[in-house]
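Read the structure below first, then the notes.
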Amino acid sequence: MEKKVRELLQMALDENPSLFLIDLNISEGNQIKVVIDGDEGVRVEDCIAMSRAIENNLDREEEDFSLEVLSAGVSEPLRMVRQYKKNLGRTLKIRTAEETIEGILTQMDDTGATLEWKAREPKPIGKGKVTVEKKATVPYQDIVEAKVMITF
């Protein structure tokens, strides 16, 4: 069943290239869960279209199943490089094995993400602190978790 679902899902994604698959899980009892994201976000209509593309081409007489299609939530960690691109200019919190960095995603490419932020540090000479601009590029392979920080 998984092979058939993947084929149907890929055909539906090919019809709408701004959407991409984040996760596909088929549990015991054929409970199908599809998580998608999009370069311009995901609309309810996109989830409905994906659901219909799969559901209308599977035969419940052959195998019973349940199907859930949803968009990647804002609280979910980023899993794919493509998700970084759509979040350029937003504040991210990136955790590596060594540190946690929170800053604005200013650049990204195929190898890593660049964050910029301001920090208060002691003055080089004298007492007090000074605000300094910080910048770090983190290779994707070093990222344990990256989340978009929502501000209100």
Set of residues satisfying ring-ring contact (aromatic ring centres under 6.0 Å, His included) with respect to Phe65, sequence neighbours excluded: none
Contacts of type side-chain hydrogen bond (donor to acceptor under 3.5 Å, both in side chains), residue Ser66, not counting sequence neighbours: none
Nearest atoms (heavy-atom pairs only) where Met149 meets Leu92: CG-C, 4.1 Å
Counterpart residues, side chain to side chain contact (heavy atoms under 4.5 Å, CB included), relative to Glu68 (two or more places apart): Lys33, Leu70
Point-to-point distance, once rounded to the nearest 0.5 Å, from CD1 of Ile101 to CH2 of Trp117: 4.5 Å
For Val44, the rest of its hydrophobic cluster, which grows through side-chain links under 4.5 angstrom: Ile48
Side-chain heavy-atom pair Tyr84, Asn87 within 4.5 angstrom cut-off: no
Within 6.0 angstrom of Arg82 CZ, more than 12 heavy atoms from elsewhere: yes
pair Met1-Asn30: side-chain heavy atoms closer than 4.5 Å: yes
Heavy-atom side-chain proximity of Asp39 to Lys85 below 4.5 angstrom: no
Any residue meeting salt bridge (Lys or Arg N to Asp or Glu O under 4.0 Å) with Asp64, in chain and number order, not counting sequence neighbours: Arg60
Asp110: partners by side chain to side chain contact (heavy atoms under 4.5 Å, CB included), with sequence neighbours left out: none
Residue pair Cys47 / Val42: nearest heavy atoms and the distance that separates them: SG-CG1, 3.8 Å
Asp109 side-chain N/O to Gly112 backbone N/O, donor-acceptor pair under 3.5 Å: yes
Heavy-atom side-chain contact between Ile26 and Val5 under 4.5 Å: yes
Pairs where residues 93-108 contributes a residue and the test side-chain hydrogen bond (donor to acceptor under 3.5 Å, both in side chains) is met, not counting sequence neighbours: Thr106-Glu116
Residue list, side chain to side chain contact (heavy atoms under 4.5 Å, CB included) with Ala72, at least two apart or on another chain: Ile22, Val35, Asp37, Gln83
Side chains of Glu7 and Asn57 in contact at under 4.5 Å (non-hydrogen atoms): no
ring-ring contact (aromatic ring centres under 6.0 Å, His included) partners of residues 15-50, not counting sequence neighbours, each pair once: none
Exercise: identify the closest heavy-atom pair between Pro77 and Glu145: CG-OE2, 3.7 Å
Partners passing side-chain hydrogen bond (donor to acceptor under 3.5 Å, both in side chains) against Ser27 (at least two apart in sequence or in another chain): Gln31
Smallest separation among heavy atoms of Glu40 and Ser18, with atom names: OE1-CB, 3.7 Å
Shortest non-hydrogen contact from Lys134 toward Ala119: CG-CB, 4.0 Å
Shortest non-hydrogen contact from Ala146 toward Ile94: CB-CG1, 3.9 Å
Contacts of type side chain to side chain contact (heavy atoms under 4.5 Å, CB included), residue Lys129, not counting sequence neighbours: Arg120
Sub-4.5 Å side-chain heavy-atom contact between Gln10 and Asp14: yes
Test salt bridge (Lys or Arg N to Asp or Glu O under 4.0 Å) applied to Glu2 - qualifying residues, sequence neighbours left out: Arg6
Non-hydrogen side-chain atoms of Thr111 and Pro139 separated by less than 4.5 Å: no
